2 protein chains.
Amino acid sequence: MKNYSRQREAIMNVLHSTDMHPTASQVYKRVRQIIPNISLGTVYRNLSALSEAGEILTISVGEGCDHFDGNAKPHLHLHCRNCGNIADVEFDFKSVENKIADLSFAPETSVLVIHGVCKNCNK
Amino acid sequence: MKNYSRQREAIMNVLHSTDMHPTASQVYKRVRQIIPNISLGTVYRNLSALSEAGEILTISVGEGCDHFDGNAKPHLHLHCRNCGNIADVEFDFKSVENKIADLSFAPETSVLVIHGVCKNCNK
DNA sequence: CTCAAAATCAGTAATGATTACTGTTTTTAT
DNA sequence: ATAAAAACAGTAATCATTACTGATTTTGAG
C-alpha cells in the first residue's frame with residue numbers, strides 16, 4: 001500500500017499515537033487538528049483501505065460503531081461492557097493457527113474480543 | 001432469563017436450527033414463517049436481550065451488519081472476506097483465560113473472528 | 001520537465017442497520 | 001379477578017457508513 005497521501009499519513013499518525021481504540025469520528029476529530037478541512041468520508045475511506053491492507057485492525061465490539069487499532073499484530077482486546085473501554089493484551093495466536101492449519105482456510109488476520117467487566121468498573 | 005414469550009422462543013428456535021450465522025433481518029424473515037406479524041423491532045430487542053444474557057453470541061465481522069449465533073459457547077469463527085461466510089471451529093479458550101487471569105478483568109464471553117479466504121473461494 | 005490518465009480528495013446526499021417511541025396486548029403476581 | 005409490569009406491533013427517528021459529484025493531487029510515460 002502506497003502511503004503517499006497527506007491525509008492517509010495523518011490518519012496513521014493518529015492511530016499510532018494512542019493506545020485507545022478510536023472510532024472513525026474520533027479519528028476524524030483528531031486529524032482535523034492537523035488537516036482542518038479533511039472530510040469524514042476521507043477518514044472512512046482510508047481506514048477501510050488500511051484495514052483491508054492489513055496495516056490496522058478494525059475492532060467491532062457488537063455495540064456502537066467500529067473501533068480502529070494502529071497495532072495490526074493480532075492480540076487480545078478486553079472490552080468492558082460497562083464503560084466500553086478496550087484494553088490490549090499481547091497474545092500468541094500459535095495455538096489458534098495450529099487449530100485451523102488443516103482446514104484449507106487461508107487466515108489473514110484475527111480479532112479476538114473478550115467481553116466482560118474491567119478492573120475499574122468491578123469495584 | 002425467562003423465555004416465556006412466543007416471539008423470543010421462535011427466535012431461539014431459528015438460531016438453534018441453523019449453523020449459518022443469520023443477521024437480524026434474516027432471523028426476521030425466518031421467524032415470520034412462524035409468526036407472520038412479528039415486528040423487526042421485536043427481533044432486534046430479543047436478540048439484544050438474549051446476547052446480553054449470554055444465551056447467544058453476537059458476531060461482528062467488521063463489514064456489513066451483525067450476525068448471531070445460537071451456540072453461546074465460545075469458539076472460532078472463520079470469516080471469508082470474499083464470500084462473507086462464517087464457519088465455526090471448536091476451540092478451547094483455556095490459554096486465553098490463563099493469559100488474563102491476573103488482570104482483574106472479569107470475562108463473560110469471547111468472540112474470536114479469523115478473517116481470511118475460505119476453501120471454496122481459494123480455488 | 002510536461003501533460004494526460006488515474007487516484008484521491010472535500011463536501012454532501014443517500015443508504016440501511018439499529019434504536020426509540022406510542023398505544024395495545026400479554027404476562028405476572030397479588 | 002385484576003392491577004402493575006413486561007413485551008408486543010408498527011412506525012418514526014437516529015446515526016454510522018457508503019456512494020456520488022466535481023475539483024485537486026499524484027503518477028508515469030514521452
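The structure presented is a predicted model; accordingly, all values stated were derived computationally and were not measured. Per chain, numbering begins at 1; letters A, B, ... match sequence-line order.
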Student: Over how many whole Å does the gap from Tyr4(B) atom OH to dT25(C) atom P extend?
Tutor: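 Atom OH in Tyr4(B) sits about 17 Å away from atom P in dT25(C).
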
Student: Rounded to whole angstroms, how far apart are CG on Asp66(A) and C1' on dT18(D)?
Tutor: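 It works out to 13 Å between those atoms.
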
Student: Heavy-atom distance under 4.5 Å between the side chains of Tyr28(A) and Leu47(A), does that happen here?
Tutor: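 The answer is no; the side chains never approach within 4.5 Å.
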
Student: Between Arg81(B), His115(B), His79(B), which is the residue that forms a side-chain hydrogen bond (donor to acceptor under 3.5 Å, both in side chains) with Glu108(A)?
Tutor: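 Among Arg81(B), His115(B), His79(B), the one that satisfies the side-chain hydrogen bond (donor to acceptor under 3.5 Å, both in side chains) with Glu108(A) is Arg81(B).
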
Student: For Tyr28(A) and dT17(D), what is the distance between atoms OH and C1' respectively, to the nearest whole Å?
Tutor: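 Going from OH in Tyr28(A) over to C1' in dT17(D) covers 14 Å.
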
Student: DNA chain D: Val43(B) or Glu63(B), which has the more 5' nearest nucleotide?
Tutor: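 First, find each residue's nearest nucleotide; the 5'-ward one identifies Val43(B).
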
Student: Tell me: CG of Asn46(B) to C1' of dT18(C), nearest whole Å?
Tutor: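 About 15 Å, once rounded to whole Å.
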
Student: For Glu52(A), is the CD atom crowded, meaning more than 12 foreign heavy atoms sit under 6.0 Å from it?
Tutor: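 No.
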
Student: For Ile38(B) and dC8(D), what is the distance between atoms CD1 and C1' respectively, to the nearest whole Å?
Tutor: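 Taking atom C1' of dC8(D) as the reference, CD1 of Ile38(B) is at 9 Å.
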
Student: Verify the contact: side-chain N or O of Tyr44(A) to OP1 or OP2 of dA16(D), cut-off strictly under 4.0 Å; return yes or no.
Tutor: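 Tyr44(A) to dA16(D) OP1/OP2: no side-chain N or O under 4.0 Å.
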
Student: Without decimals, in angstroms, what is the distance between Phe68(A) CZ and dT17(D) C1'?
Tutor: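 About 10 Å, once rounded to whole Å.
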
Student: Picking from dC8(D), dT18(C), dC9(C), which would you name as closest to the side chain of Cys65(B)?
Tutor: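 For the Cys65(B) side chain, the nearest candidate turns out to be dT18(C).
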
Student: I need the CG-P distance between Leu40(B) and dA9(D), as an integer number of Å.
Tutor: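 Result: 11 Å.
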
Student: With a 4.0 Å limit, can you tell me whether Arg45(A) has a side-chain N or O closer than that to the phosphate oxygens OP1/OP2 of dT8(C)?
Tutor: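 Result: no.
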
Student: Only one of Asn46(A), Thr42(A), Asn13(A) passes side-chain hydrogen bond (donor to acceptor under 3.5 Å, both in side chains) with Arg8(A); say which it is.
Tutor: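 Exactly one option meets the side-chain hydrogen bond (donor to acceptor under 3.5 Å, both in side chains) with Arg8(A), and it is Asn46(A).
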
Student: dA10(C), OP1 or OP2 - any side-chain N/O from Thr42(A) closer than 4.0 Å?
Tutor: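 Thr42(A) to dA10(C) OP1/OP2: side-chain N or O found under 4.0 Å.
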
Student: Do His21(B) and His77(B) pass the ring pair (Phe, Tyr, Trp, His ring centres under 6.0 Å) test, and can you show the C-alpha distance, the side-chain angles, and the key distance before you say yes or no?
Tutor: CA-CA 10 Å; His21(B) 299 73; His77(B) 302 273; 5.6 Å; yes

Student: Please determine if a side-chain N or O atom of Gln7(B) lies less than 4.0 Å away from the OP1 or OP2 oxygen of dA9(D).
Tutor: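 Indeed, a polar side-chain atom of Gln7(B) lies that close.
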
Student: In whole angstrom, what separates Ile35(B)'s CD1 from dG10(D)'s P?
Tutor: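 Interatomic distance, CD1 of Ile35(B) to P of dG10(D): 12 Å.
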
Student: Of Arg6(B) and Ala24(B), whose closest DNA chain C nucleotide lies nearer the 5' terminus?
Tutor: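 With Ala24(B) and Arg6(B) compared, the 5'-side residue is Ala24(B).
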
Student: Can you tell me if Asn37(A) touches the phosphate of dC9(C), counting only side-chain N or O atoms and a distance under 4.0 Å to OP1 or OP2?
Tutor: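 Result: no.
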
Student: Do any side-chain nitrogens or oxygens of Ser5(A) fall under 4.0 Å of OP1 or OP2 in dC9(C)?
Tutor: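 Result: yes.
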
